[in-house]
Amino acid sequence: MTIILLKIAWEDARTRHIRGRWILLYGVLGIWNEWMEKGIDLGESVAGFLSVSSVLVLVNLLRPGSFGGGDIKLTAVAGTVLGWERNFAAFAMAMWLSGIFCAVMLATRRMTRKSTIPLGPFLCAGILGETMSGLLTSGASTMG
C-alpha cells in the first residue's frame with residue numbers, strides 16, 4: 001500500500017492528476033488488510049468515508065476549484081480504510097506539511113500567493129504517517 005501511495009504522490013506532483021485506478025487499488029488493498037487484521041467496522045468505515053471528503057466537497061461548492069476530484073476521492077477512500085478519527089489526523093498532517101511547503105516556497109519566492117500546489121503528495125504523506133502511527137500503536141498495545 002505504501003508503494004501505491006508513493007505512486008499517487010509522484011503522479012500528482014508531476015501531472016496534477018490522480019488516476020482513479022490507483023485510488024481504487026489502495027482502497028481494495030486497505031480494506032482487505034483491515035478485514036484480515038481485525039475485521040471491518042462498517043459504521044467506522046462509512047463515517048471515515050464521509051468525514052474529510054464531505055468537508056472538501058462543501059469547500060469546493062463554496063469556492064470552486066479549491067480541491068481536485070482526485071483529492072476528494074483519495075480522502076474518501078483513506079477514510080474507509082483509516083476510520084474517521086485517523087482520517088482527520090491524516091488530513092491535519094497533510095495540511096500542516098503543505099503549509100510548511102508553501103511558507104518555504106513563498107519565502108524563497110518560488111511561488112506567489114496566487115500559485116496552486118498539488119495536494120496529493122501531502123495527502124499521501126499524511127495517510128502514510130497515520131498508517132505508520134497506527135501500526136506502531138497497535139503493535140505496542142499487543143505487546144504490553
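As the structure is a computational prediction, the values presented were derived from the model and not from experiment. Positions are given from 1 along the sequence.
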Using distance only, find each side-chain donor-acceptor pair of residues 73-83 under 3.5 Å and give its atom names and separation, not counting sequence neighbours.
from, atom 1, to, atom 2, distance (Å)
T75, OG1, D71, O, 3.3
T75, OG1, I72, O, 2.8
T80, OG1, A76, O, 3.1

Could you list the residues that satisfy side chain to side chain contact (heavy atoms under 4.5 Å, CB included) with A9, not counting sequence neighbours?
P121, C124
Going by the rule ring pair (Phe, Tyr, Trp, His ring centres under 6.0 Å), which residues pair with W10 if we only count those two or more places apart in sequence or in a different chain?
none
Residues in ring pair (Phe, Tyr, Trp, His ring centres under 6.0 Å) with F122, at least two apart?
F101
Provide the full list of salt bridge (charged side-chain N to carboxylate O under 4.0 Å, His left out) pairs with a residue in residues 6-18, sequence neighbours left out, each pair given once.
K7-E11, E11-R19
Taking salt bridge (charged side-chain N to carboxylate O under 4.0 Å, His left out) as the cut-off, I'd like each qualifying pair that reaches into residues 103-120, sequence neighbours left out, listed once.
none
Only one of L123, L56, V55, V57 passes side-chain contact (heavy atoms from CB on, under 4.5 Å) with F67, and that residue is L56
Value rounded to 0.5 Å, distance of [atom1] in [X] from [atom2] in [Y]:
X: S98; Y: L119; atom1: OG; atom2: CG; value: 6.0 Å
X: L128; Y: L6; atom1: CG; atom2: CG; value: 6.5 Å
X: M1; Y: I127; atom1: CE; atom2: CD1; value: 9.5 Å

Quick check on the hydrophobic clustering: are L62 and V52 connected, directly or via other members, by side-chain heavy-atom contacts under 4.5 Å?
no
Pairs under 3.5 angstrom only: tabulate donor-acceptor contacts from the side chains of residues 89-96 to other protein residues two or more places apart or in another chain.
none

Joining Ile, Leu, Val, Met, Phe, Trp and Tyr whenever any side-chain heavy atoms lie under 4.5 Å apart, the cluster holding L50 also takes in L42, V46, F49
Linked hydrophobic residues, I3 as query - side chain contacts closer than 4.5 Å
none
Pairs touching residues 41-52 that satisfy side-chain hydrogen bond (donor to acceptor under 3.5 Å, both in side chains), sequence neighbours left out
S51-N87
Keeping to residues at least two apart or across chains, list the side-chain hydrogen bond (donor to acceptor under 3.5 Å, both in side chains) pairs with something in residues 56-66.
none
If you look only at distance, which donor and acceptor atoms sit under 3.5 Å apart when one is on a side chain in residues 21-32 and the other is two or more places apart or in another chain?
none

Looking at every non-hydrogen atom in both residues, tell me the closest pair between M111 and L106 and how far apart they are.
O-CD2, 3.4 Å
